[in-house]
K.L.:
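One structure follows; several queries about it will come next.
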Amino acid sequence: MAISAMTSKEVTNKIIHNENLFILDVRNESDFQDWKIEGKNVEYLNIPYFELLDGVEEILDKIPNDKEVLVVCAKEGSSVMVAEMLSEQGLDVSYLEGGMKTWSEHLEPVKIGDLKDGGEIYQFVRIGKGCLSYMVISGGEAAVIDATRMADVFTEFALSKNANITHVLDTHLHADHISGGRMIAEQTNALYWLPPKDAGEVTYAYQPLKDGNIITIGNTAIDIYALYSPGHTIGSTSFIVDEKYLLSGDILFVDSIGRPDLAGLAEDWVGDLRETLYSRYKKLSEGLIVLPAHFMIIDELNEDGSVSEKLGTLFAENHGLNIESEEEFRKLVTENLPPQPNAYQEIRETNMGKINPDLEKQREMEIGPNRCAVR
């Protein structure tokens, strides 16, 4: 039987459409337990590659013949070899093209909706990392919010929509992934906006993003209204787009809330986090559609692969928004937190412009799951 490559986009579409998929992951057990491809109808078998060097005969009875089989490794090479061995045993299998490194980088654009008086808003789902970026398009102009370092995805998408990127914004100084904001701004001559309270140590020029800033995109006055919302970082800023969408950054997620400890100031920022979630956000319309900068679990994806929910629904159902006791809230967001993101200090320094690691180093720094949330 011949083996074939399956792209990250093809795997993403299978997950979004809840298709059955059986994954043989040949990475080390610790890597598999830390981070893997997830889906509602995905089954797994983790057998480290080195255990299969003498052949795959002993695992044949563990691999189904009525489901698509995908072999996965870190960079592709090991999965190709294992797939070939399975093929020689008569199985029809695929391998993940580019391995988990490529899976970590894939961005899937999903249209969120139309804006009044023209325009559109898109969400870019980085399904292997849990990152969510956005593009607002109107009147031939575009704004990009919380871009990942894969800048070409955004510039090419804007080109396909006949739009010029004029503004690039980050809701905060990111600690879990390298921002593509400055790179996109340099490539397109767009303005790059960053909250000044997060920018005390940055080494580059930027536009200070402050509470009440209104950034207009295109001829149809699609306003992005900046709302100061500290807690995840001291400068965290949310955006209200077209009076309909709340881009919440890493403050509020669909199934969780943001963590305040990634700059080492959890005790200092927990009060800001509660103030934002329980006071600032409470004053907003419950009809706003929350568009976060991350998701934590695959269950947060909607049927079309997007991640969103009405603010009123989150106030009713999100546990992090329903803790009456300030002491209990403080414990939730400062104790028993998940591990901090891989290389988060180096990522922060990269986003400050203090260091400039090469591409391969950047990929290594970002490997792993989203860890910006508290559940």
Side-chain angles (χ1 to χ4, degrees), residues 5-12 23 25-38 46 48-50 70-83 94-109 124-133 144 146-157 168 170 173-188 192 201-204 262 293-294 339-372:
M6 189 180 296
T7 65
S8 292
K9 183 174 184 62
E10 290 171 325
V11 177
T12 298
I23 293 179
D25 194 315
V26 298
R27 294 176 298 151
N28 292 332
E29 182 181 0
S30 59
D31 294 333
F32 172 77
Q33 293 295 342
D34 183 52
W35 177 53
K36 56 182 175 287
I37 297 173
E38 297 184 79
N46 174 224
Y49 168 71
F50 62 83
L70 177 67
V71 186
V72 170
C73 69
K75 299 179 181 179
E76 180 186 301
S78 298
S79 63
V80 171
M81 297 179 71
V82 172
S94 302
Y95 63 90
L96 177 61
E97 186 175 84
M100 291 297 285
K101 280 197 172 183
T102 299
W103 175 248
S104 173
E105 295 179 333
H106 178 67
L107 292 172
E108 187 70 22
F124 292 75
V125 182
R126 190 175 177 183
I127 193 166
K129 181 70 178 169
C131 299
L132 300 167
S133 306
V144 182
D146 287 333
T148 64
R149 61 179 169 78
M150 286 72 77
D152 57 331
V153 174
F154 300 96
T155 55
E156 290 172 8
F157 188 84
V168 186
D170 273 322
L173 187 81
H174 295 281
D176 72 305
H177 70 274
I178 296 167
S179 169
R182 280 187 297 144
M183 184 183 298
I184 295 171
E186 289 170 2
Q187 292 177 357
T188 62
Y192 175 58
E201 298 181 59
V202 304
T203 63
Y204 48 81
L262 295 184
H294 286 92
Q340 292 176 319
N342 184 44
Y344 75 100
Q345 289 289 18
E346 290 177 279
I347 290 173
R348 292 182 76 245
E349 290 183 0
T350 302
N351 288 333
M352 292 175 188
K354 289 184 173 183
I355 60 175
N356 185 30
D358 62 30
L359 177 58
E360 193 57 31
K361 177 62 176 177
Q362 290 183 37
R363 297 178 83 179
E364 291 176 5
M365 287 160 59
E366 289 189 336
I367 287 293
N370 164 39
R371 290 176 174 150
C372 283

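Residue numbers start at 1 and run along the sequence shown. This is a predicted model, so every value here is computed, not measured.
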K.L.:
Keeping Ser104 on the side-chain end and Lys101 on the backbone end, is there a donor-acceptor pair under 3.5 Å?
P.N.:
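Checked: no pair found.
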K.L.:
Could you check if a side-chain atom of Cys131 sits within less than 4.5 angstrom of a side-chain atom of Asp176, using non-hydrogen atoms only?
P.N.:
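Yes; the side chains approach each other to less than 4.5 Å.
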K.L.:
Donor-acceptor pair, Asn351 side chain versus His174 backbone, under 3.5 Å?
P.N.:
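Answer holds: yes.
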K.L.:
Assign the ring pair Phe154 / Phe124 to parallel, tilted or perpendicular, where the plane angle (0 to 90°) is split at 30° and 60°.
P.N.:
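Ring orientation of Phe154 relative to Phe124: tilted.
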K.L.:
Using a 3.5 Å distance criterion without hydrogens, assess whether the side chain of Ser79 forms a donor-acceptor pair with backbone atoms of Tyr95.
P.N.:
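Flag not set: sc Ser79 to bb Tyr95 has no pair under 3.5 Å.
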K.L.:
Is there side-chain contact between Val26 and Phe50, with at least one heavy-atom pair below 4.5 Å?
P.N.:
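No, their side chains stay 4.5 Å or more apart.
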K.L.:
To the nearest 0.5 Å, how far apart are CG in Asn356 and OG1 in Thr350?
P.N.:
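The distance works out to 7.5 Å.
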K.L.:
Looking at side-chain heavy atoms only, is the closest gap between Glu346 and Pro357 below 4.5 Å?
P.N.:
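A side-chain contact is absent here, since even the closest heavy-atom pair is not under 4.5 Å.
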K.L.:
Under 4.5 Å between any side-chain heavy atoms of Ile37 and Met100, yes or no?
P.N.:
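With C-beta onward as the side chain, the pair touches.
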K.L.:
Counting N and O atoms only, with roles assigned by atom type, does the side chain of Lys129 sit under 3.5 Å from a partner on the main chain of Gly368, one being a donor and the other an acceptor?
P.N.:
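At least one qualifying donor-acceptor pair exists.
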K.L.:
With sequence neighbours left out, write down each residue that passes ring pair (Phe, Tyr, Trp, His ring centres under 6.0 Å) with Tyr49, or none if nothing qualifies.
P.N.:
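Applying ring pair (Phe, Tyr, Trp, His ring centres under 6.0 Å) to Tyr49 gives none.
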K.L.:
Using a 4.5 Å cut-off on heavy atoms from C-beta on, say whether the side chain of Asp152 contacts that of Met150.
P.N.:
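In short, these two side chains touch, coming nearer than 4.5 Å.
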K.L.:
Would the distance check show the side chain of Asp25 and the main-chain N or O of Asn46 forming a donor-acceptor pair, the cut-off being under 3.5 Å?
P.N.:
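It does not hold such a pair.
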K.L.:
Compare all side-chain heavy atoms of Arg363 with those of Lys75 and state whether any distance is below 4.5 angstrom.
P.N.:
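Arg363 vs Lys75: side chains apart.
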K.L.:
Under 4.5 Å between any side-chain heavy atoms of Thr102 and Leu96, yes or no?
P.N.:
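Heavy-atom side-chain distance check fails, nothing below 4.5 Å.
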K.L.:
Can I get a per-line list of side-chain donor-acceptor pairs under 3.5 Å for residues 29-36, giving both atom names and the distance, sequence neighbours left out?
P.N.:
| residue | atom | partner | partner atom | Å |
| --- | --- | --- | --- | --- |
| Asp34 | OD1 | Arg371 | NH2 | 2.2 |
| Asp34 | OD2 | Arg371 | NH2 | 3.4 |
| Trp35 | NE1 | Gly128 | O | 2.8 |

K.L.:
Any side-chain heavy-atom pair from Ile127 and Glu108 closer than 4.5 angstrom?
P.N.:
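Contact flag for Ile127/Glu108 side chains = no.
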K.L.:
For Arg149, check side chain to side chain donor-acceptor pair (under 3.5 Å) against everything at least two apart and list the hits.
P.N.:
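So Arg149 forms a side chain to side chain donor-acceptor pair (under 3.5 Å) with Glu105, Glu366.
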